[in-house]
Structure formats: C-alpha cells, structure tokens
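What follows is a short report on a single structure.
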Protein chains: 2
Amino acid sequence: MGASKLDLHAEDIKTMATIAKVFAHPARIAILQYISKQESCICNDIVDEIGLSQPTISQHLQVINKAGLLKGNYKGKSICYCLNVERFQEFQAQFNHFFKTTTAKCC
Amino acid sequence: MGASKLDLHAEDIKTMATIAKVFAHPARIAILQYISKQESCICNDIVDEIGLSQPTISQHLQVINKAGLLKGNYKGKSICYCLNVERFQEFQAQFNHFFKTTTAKCC
DNA sequence: TTGTTATATTGCAATATTACGATTATACTG
DNA sequence: CAGTATAATCGTAATATTGCAATATAACAA
C-alpha cells in the first residue's frame, strides 16, 4: 500500500517519525546546513549550491517549512530563508528524549 | 522520479539522511522503543504490540537491521531482537553533531 | 503599467516505500 | 525423520516521494 496505519501509533511516536522525515533526504540536510551557514540565503543560491532544479528545491523548502523550521523575509526581489532556531532546538530536544528513553535492557 | 540524486551530496550529508530514514516511520520508532523496553523481545510479540502483519514487521526489522541497530539471538524457536546500543549511540552522536553544527547566523 | 527577476505551483513520470497474503526457510520437538 | 512454531522472503497492489518542465505568481524597477 504505502499508507502507514497511523492510527496504530501513539502521538509522540508519530511526532518523532514526522520530525525524522524532514531529515530523511540529503537535499534537505544540505539545504538546512547551507541556510544555517549563510548570512543571507536566497533560493537561487540554494539551487546553485545543491544542484537540483528550482522547483525541486522549492518543494524541499516547503517540506522544511511545513515542519516549522523556516523563517523567510523578502530581501529585495529575493527571499532570505533562515532557520527557525527555536523550532530546530525543539526537534533536537525530541531526538534527545528519544535517544535517552530508548536504552536496551536485554542482551 | 523518486530516485534521489545521491552523487550530488557529500558523504556526511548522505549518512545523516540515511540515519534519519530509519526513524522516519512510526512503526520503526515503536519497534525500537518496544525492543529497548523488553527484557526478551521476540518477533511475534512485536507483531502483537504494533498491530501490523508479521511480514510487514519483518520488513521494518530488516531496515533497522541494515542500519546496524539490531542484535538477534535465537531463544528457542523465536529470535530475541535487541538494540545494538553502541550503534545507537553512534547515531545519537551523528545527530548531536548535526544539530551542533547547524546554527543560524542570519535573521 | 510593462518588463524583469525570483520563487511557488501544477502536472506528470519514475522510483521508493509500505503493507499483506502466500510461501519458504529455520530451529526446535517428539 | 516428521511435525510444529517462528521468522524471512516473494510477489504484488496501493500510496508516497522525488524530480523537472511548464506555468503562474510576487516583488521590484523603470
């Protein structure tokens, strides 16, 4: 099928998976790293940097944005995309909690 | 297409995405948490716990296993799956590094 | 307003993922 | 060895993701 039986899983478990999905594509990791490095980061720069087409980058940006990790302000004709640091730290906290609470008992 | 242009991205970026993919499905998160909680954790228990079919669970276990996160020993007829803690901690370290090195400069 | 540049959206093709029934392999038991 | 229980594999269907060309929209400049 391809559709995950979402109702099966607890809310926090679904949240973790949703967060992880954002990071589950190299282009999105690359975009996040690039955005965080640059002082000013307009979409066209990202396109040049990553090597994917403008629509594809835009699509990945949308995924990142939907996760709440993006802030954008117009800088002239371009948009300066920036990392939503607060949200990013929330994600990190979720991961840390997941790692902390997942420790093997057996073997 | 669906195929990611892998050659575009740096090795460490691909690694991050690959790791994240393991966590990018609620069933796998649930499996990992369940495995870590139980003293002894046979596959059939996981099937009962998660509510997906045996082949589906087996498929997810394979994904987790390919990532190196699984240890399994036969316990009678069943297999006791356990978390490879060392590998799991490696993953955590990778995430920590990613989060640490990705900090916004602009906005 | 018209033209220009930058980004978003749409539509579509290719591939990947998820899920399960049917079957096969594996390890034990009698 | 034959029988049983458990897990893996195969085949296949449904859905999701990825990627891009074409097009639309948005913001500015003249």
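Letters A, B, ... mirror the listed sequences (proteins, then strands); counts begin at 1. Computed over heavy atoms, backbone and side chain alike; hydrogens, waters and symmetry mates excluded.
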Specify the separation, in whole Å, of atom [atom1] of [X] and atom [atom2] of [N].
| X | N | atom1 | atom2 | result |
| --- | --- | --- | --- | --- |
| A:I50 | D:dG19 | CD1 | P | 11 Å |
| A:F23 | D:dT17 | CZ | C1' | 18 Å |
| B:L52 | C:dT17 | CG | P | 17 Å |
| A:H25 | C:dT15 | NE2 | P | 14 Å |

Phosphate contact (D:dT17 OP1 or OP2) by A:H60 side-chain N/O below 4.0 Å: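 Answer is no, no contact under 4.0 Å.
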
Phosphate contact (C:dT17 OP1 or OP2) by B:K21 side-chain N/O below 4.0 Å: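 Result: yes.
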
Pairs touching residues 39-70 of chain A that satisfy ring pair (Phe, Tyr, Trp, His ring centres under 6.0 Å), sequence neighbours left out: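 For residues 39-70 of chain A, and leaving out neighbouring residues, the ring pair (Phe, Tyr, Trp, His ring centres under 6.0 Å) pairs sorted by first residue read A:H25-A:H60.
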
Residues in side chain to side chain contact (heavy atoms under 4.5 Å, CB included) contact with A:Q54, at least two apart in sequence or another chain: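 In terms of side chain to side chain contact (heavy atoms under 4.5 Å, CB included), with neighbours along the sequence ignored, A:Q54 is linked to A:V47, A:S58.
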
Residues which pass side chain to side chain contact (heavy atoms under 4.5 Å, CB included) with B:I79, listed by chain and number, not counting sequence neighbours: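 Scan of B:I79 (side chain to side chain contact (heavy atoms under 4.5 Å, CB included), adjacent residues dropped) gives B:Y74, B:Y81.
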
Summary of salt bridge (Lys or Arg N to Asp or Glu O under 4.0 Å) pairs that have at least one residue in residues 47-67 of chain A, sequence neighbours excluded: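 Found none.
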
Under the side chain to side chain donor-acceptor pair (under 3.5 Å) test, residues paired with B:T56 that sit two or more places apart: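 B:S53.
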
Sub-6.0 Å ring centroid separation between B:F98 and A:F23: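 Yes; A:F23 has its ring centre under 6.0 Å from that of B:F98.
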
Distances under 3.5 Å between protein N/O atoms and the N/O atoms of nucleotides 3-10 of chain D, please, pair by pair.
unit_1	atom_1	unit_2	atom_2	d
D:dA7	OP1	B:C43	N	2.9
D:dA7	OP1	B:I79	N	3.4
D:dA7	OP2	B:N44	N	2.8
D:dA7	OP2	B:N44	ND2	3.3
D:dA7	O3'	B:Y81	OH	3.0
D:dA8	OP1	B:Y81	OH	2.3
D:dA8	OP2	B:S58	OG	2.9
D:dA8	OP2	B:Y81	OH	3.2
D:dA8	N7	B:Q54	NE2	2.6
D:dA8	N6	B:Q54	OE1	2.9
D:dT9	OP2	B:Q62	NE2	2.9

